Amino acid sequence: MSEQVRTRFAPSPTGQLHIGGVRTALFSWLHARHFGGKFILRVEDTDAERSTDENTEQILASMKWLGLDWDEGPFFQSERLDLYNSYIRKLLDEGKAYWCECPPEVLEEKRGQALKDGKKPKYDGTCRNKGLGPGPGRVVRFVMPDTGVTSFNDMIKGTISMENEELDDLILLRSDGMPTYNLTVVIDDATMNITHVIRGDDHVNNTPRQVKIYEALGFELPLFAHVPMILGPDKTKLSKRHGATSVIAYQDMGYLPEALVNYLVRLSWSHGDQEIFTRDELITYFDIHNVGRSAAVFNPEKLLWLNHHYIKTGDPARLADLLTVFIRERGYPVPDAEYLRKVVIDIRERTKSLDDMLDFGGFYFHEVDPPDELKQQHFTPDLAKVFEDLIQGFGQTDLTDRAKAEEVVKTVIDQYAMKFKTIAQPMRVALTGKTVSPGLFEIISTLGKDQVLPRLQKALAFMKSQESGQ
RNA sequence: GUCCCCAUCGUCUAGCCUGGCCCAGGACACCGGCCUUUCACGCCGGCGACAGGGGUUCAAAUCCCCUUGGGGACGCCA
């Protein structure tokens with residue numbers, strides 16, 4: 001039993017990698033890493049109609065972004081057609097599969113009729129004993145037993161059994177010559193020596209069928225683990241109509257990969273009351289047996305909270321680096337790394353995503369011109385003298401030293417017997433163009449003389465113009 | 001409709017397997033308060049759940065059954 005653990009993730013490149021998919025990938029990856037096993041990536045691209053290279057590339061990019069590295073692959077099913085065909089031939093030779101000529105339209109009609117009659121829509125076996133050979137428009141079907149029960153043990157859900165009469169003669173080979181999912185997944189998992197098949201809950205019903213294929217092919221069964229679905233707020237399977245669901249979308253919105261991973265891993269899985277996990281902790285604590293059995297509702301707010309957590313606690317230099325993409329996107333020039341690092345430290349407590357950082361801290365990247373309303377309200381003529389003194393004081397001070405900047409302000413307000421409160425907001429508006437911002441001295445120190453002085457001067461000019469205008 | 005699965009605060013969950021420590025703990029969100037140069041952060045407090053009904057037992061969120069509710073699957077998609 002010292003068999004090495006081998007898990008896989010098998011996305012279909014018919015769309016972008018989505019939240020539900022990665023969570024499954026994450027569990028699978030974690031399971032392999034926990035046991036020091038191998039994680040294999042396999043692209044299931046037998047749906048020639050909808051699979052695209054672009055999707056494949058984006059999926060791989062998303063996996064890398066999240067740090068879900070794989071040890072083998074990516075393998076492409078479209079390159080393994082010969083393998084599948086040899087097994088189909090074997091099944092045909094052994095009488096475990098047969099050719100079928102039923103036209104799709106007829107099948108569809110029968111299905112619709114059965115559904116309407118309240119019966120199970122299942123292939124009626126019309127061609128099962130016709131002894132047909134290959135031909136245009138024909139497919140190969142698997143001979144499913146009509147009686148008996150098929151059951152398997154699921155690591156998450158326990159024993160699941162199904163009456164064989166519920167199963168029908170599924171198609172193994174399409175009329176276009178491409179094999180179908182239920183066949184390829186079995187052949188691949190078996191030949192790639194996958195020990196633990198970890199996949200979405202929506203595959204539970206397929207599993208008994210696949211078990212039959214495993215048996216027909218003489219393969220040993222892997223262990224199965226079906227992870228619960230992720231639902232939207234309306235409790236239906238999470239999909240595009242619930243809003244952003246692709247990994248890329250979250251990346252673009254300024255989410256950190258560690259936040260997404262941490263959020264996703266806590267859906268249907270937990271380790272006591274712990275909410276925050278480092279990657280190493282996840283690897284040591286993760287146990288597939290601790291995955292719950294019920295579906296989870298995706299909660300964007302908790303994801304945001306985690307993102308904020310990682311922004312607050314992450315390395316500012318790294319965050320600064322990640323931020324450059326977002327700065328360019330807004331068309332601002334990218335400041336030097338040290339300046340950016342200070343910006344991050346100034347604003348990280350008030351911004352929950354990288355994108356948010358630009359919304360909130362835009363004034364760090366461009367000149368400001370406060371709205372008239374704020375100017376009228378805060379740049380009152382009586383403050384002109386104070387601002388003059390502040391400008392003079394700042395001009396002679398090393399503003400990178402926050403304490404010194406603070407000293408300047410203290411001296412000035414003492415001189416006028418003012419409270420700091422009185423000039424705080426006017427200064428804030430002058431420096432940021434807004435009434436909400438990081439602490440003034442943080443801003444001053446980060447902005448530096450070059451930006452602080454002109455902004456205060458601009459405010460001062462407004463104060464004076466108000467004075468003379470009256 | 002049929003089959004499969006699921007069921008603790010609005011949401012994610014601990015506890016359930018190995019009944020008593022649970023008149024149910026944590027987290028997000030929300031609401032108050034403190035801190036304070038704004039806003040945040042932080043800290044303190046509050047609101048808030050064992051779906052219902054039967055059993056079993058001295059004792060049930062925990063075990064069993066039924067009901068109800070929810071989800072998923074019924075493709076020449078994966």
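Quick note on labels: first sequence line is chain A, next is B, and so on, each numbered from 1. All values below were derived from every heavy atom in this structure, side-chain atoms included, with hydrogens, water molecules and symmetry-related copies excluded. What you see is a predicted model; the values in this text were computed from it and never measured.
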- Has A:Arg141 got its NZ or CZ under 6.0 Å from the middle of the six-membered ring of A:Tyr123, at an angle within 45 degrees of the ring axis?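 Cation-pi check for A:Arg141 and A:Tyr123: passes.
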
- Message: Given the ring of A:Phe152, does A:Lys157 sit roughly above its face, with NZ or CZ under 6.0 Å from the centre of the six-membered ring and within 45° of the axis?
- Response: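 Cation-pi check for A:Lys157 and A:Phe152: fails.
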
Regarding [N], can its base be found pairing with the side chain of [X] as donor and acceptor, where the two atoms are less than 3.5 Å apart?
{"X": "A:Asp273", "N": "B:G25", "answer": "yes"}
{"X": "A:Asn206", "N": "B:A78", "answer": "yes"}
{"X": "A:Glu108", "N": "B:G75", "answer": "no"}
{"X": "A:Ser175", "N": "B:C76", "answer": "yes"}

Under 4.0 angstrom, heavy atoms only, what part of the nucleic acid is [X] near: base, sugar-phosphate, or nothing?
{"X": "A:Pro228", "result": "nothing"}
{"X": "A:Gly15", "result": "nothing"}
{"X": "A:Phe298", "result": "nothing"}
{"X": "A:Lys116", "result": "nothing"}
{"X": "A:Thr14", "result": "nothing"}
{"X": "A:Val297", "result": "sugar-phosphate"}
{"X": "A:Glu44", "result": "sugar-phosphate"}
{"X": "A:Ile171", "result": "base"}
{"X": "A:His226", "result": "nothing"}
{"X": "A:Cys100", "result": "nothing"}
{"X": "A:Lys122", "result": "nothing"}

Using the [atom1] atom as the point on both nucleotides, what is the distance between [M] and [N], in whole Å?
{"N": "B:C65", "M": "B:G20", "atom1": "C1'", "answer": "24 Å"}
{"N": "B:C5", "M": "B:C21", "atom1": "C1'", "answer": "33 Å"}
{"N": "B:C12", "M": "B:G72", "atom1": "P", "answer": "15 Å"}
{"N": "B:A7", "M": "B:C23", "atom1": "P", "answer": "23 Å"}
{"N": "B:U8", "M": "B:U2", "atom1": "C1'", "answer": "31 Å"}
{"N": "B:C30", "M": "B:C47", "atom1": "C1'", "answer": "8 Å"}
{"N": "B:A73", "M": "B:A27", "atom1": "C1'", "answer": "33 Å"}
{"N": "B:A24", "M": "B:U62", "atom1": "C1'", "answer": "11 Å"}

Hey, is the side chain of [X] poking within less than 4.0 Å of OP1 or OP2 on [N], counting only N and O atoms?
{"X": "A:Lys421", "N": "B:U36", "result": "no"}
{"X": "A:Thr46", "N": "B:A78", "result": "yes"}
{"X": "A:Arg111", "N": "B:G75", "result": "yes"}
{"X": "A:Arg42", "N": "B:A78", "result": "no"}
{"X": "A:Lys235", "N": "B:U11", "result": "yes"}
{"X": "A:Lys119", "N": "B:C3", "result": "no"}

Candidate nucleotides [options], ranked by approach to the side chain of [X] - the nearest:
{"X": "A:Arg350", "options": "B:C39, B:C4, B:C28", "value": "B:C39"}
{"X": "A:Glu166", "options": "B:U2, B:C76, B:C39", "value": "B:U2"}
{"X": "A:Ser270", "options": "B:A14, B:U37, B:A78", "value": "B:A14"}
{"X": "A:Pro104", "options": "B:C76, B:G26, B:A29", "value": "B:C76"}
{"X": "A:Lys157", "options": "B:A27, B:C74, B:C5", "value": "B:C5"}
{"X": "A:Pro121", "options": "B:U37, B:C74, B:G72", "value": "B:C74"}
{"X": "A:Ala296", "options": "B:A78, B:C12, B:C76", "value": "B:C12"}
{"X": "A:Arg293", "options": "B:C6, B:A78, B:G71", "value": "B:C6"}
{"X": "A:Asn205", "options": "B:A78, B:A27, B:C4", "value": "B:C4"}
{"X": "A:Met162", "options": "B:G71, B:G1, B:C3", "value": "B:C3"}

- Start at the 5' end of RNA chain B and walk down; is the nucleotide closest to A:Thr236 or to A:Asp117 reached first?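 That would be A:Asp117.
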
- Item | RNA chain B: 5'-proximal contact among A:Asn299 and A:Lys237 (nearest heavy atom) |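 Here A:Asn299 is the residue nearer the 5' end.
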
Report the base-pairing partner of [N] (Watson-Crick or G-U wobble, both distances below 3.5 angstrom), or none.
{"N": "B:G69", "result": "B:C6"}
{"N": "B:U57", "result": "none"}
{"N": "B:G45", "result": "B:C31"}
{"N": "B:C74", "result": "B:G1"}

- Value in whole Å for how far the P atom of B:U38 lies from CG of A:Leu374: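 Answer to the nearest Å: 16 Å.
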
- Item | For atom NE2 of A:His309 and atom C1' of B:A40, their distance in whole Å |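 The distance from NE2 of A:His309 to C1' of B:A40 comes to 17 Å, rounded to the nearest Å.
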
- Task: Please work out whether the ring planes of A:Trp269 and A:His271 are parallel, tilted or perpendicular, with thresholds of 30° and 60°.
- Result: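 Plane angle under 30°, so parallel.
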
- Query: Mind checking whether A:Phe27 and A:Phe286 have parallel, tilted or perpendicular rings, split at 30° and 60°?
  - Reply: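 It falls in the tilted class, 30° to 60°.
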
Between [X] and [Y], does at least one N-O distance fall below 4.0 Å, as a salt bridge requires?
{"X": "A:Glu163", "Y": "A:Lys120", "value": "no"}
{"X": "A:Glu166", "Y": "A:Lys122", "value": "no"}
{"X": "A:Glu349", "Y": "A:Lys312", "value": "no"}

- Where the side chain of A:Asp169 meets the backbone of A:Met144, is there a donor-acceptor pair that is under 3.5 Å apart?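 Such a contact is found between A:Asp169 side chain and A:Met144 backbone.
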
- Task: Would you check if the side chain of A:Asn262 reaches a backbone N or O of A:Phe277 as a donor-acceptor pair within less than 3.5 Å?
- Result: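 Yes; judged by distance alone, with no hydrogens or angles, the pair exists.
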
- When A:Tyr181 is tested against each of A:His203, A:Glu44, A:Gln77 for side chain to side chain donor-acceptor pair (under 3.5 Å), which residue passes?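 It is A:His203, the one option of A:His203, A:Glu44, A:Gln77 that forms the side chain to side chain donor-acceptor pair (under 3.5 Å) with A:Tyr181.
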
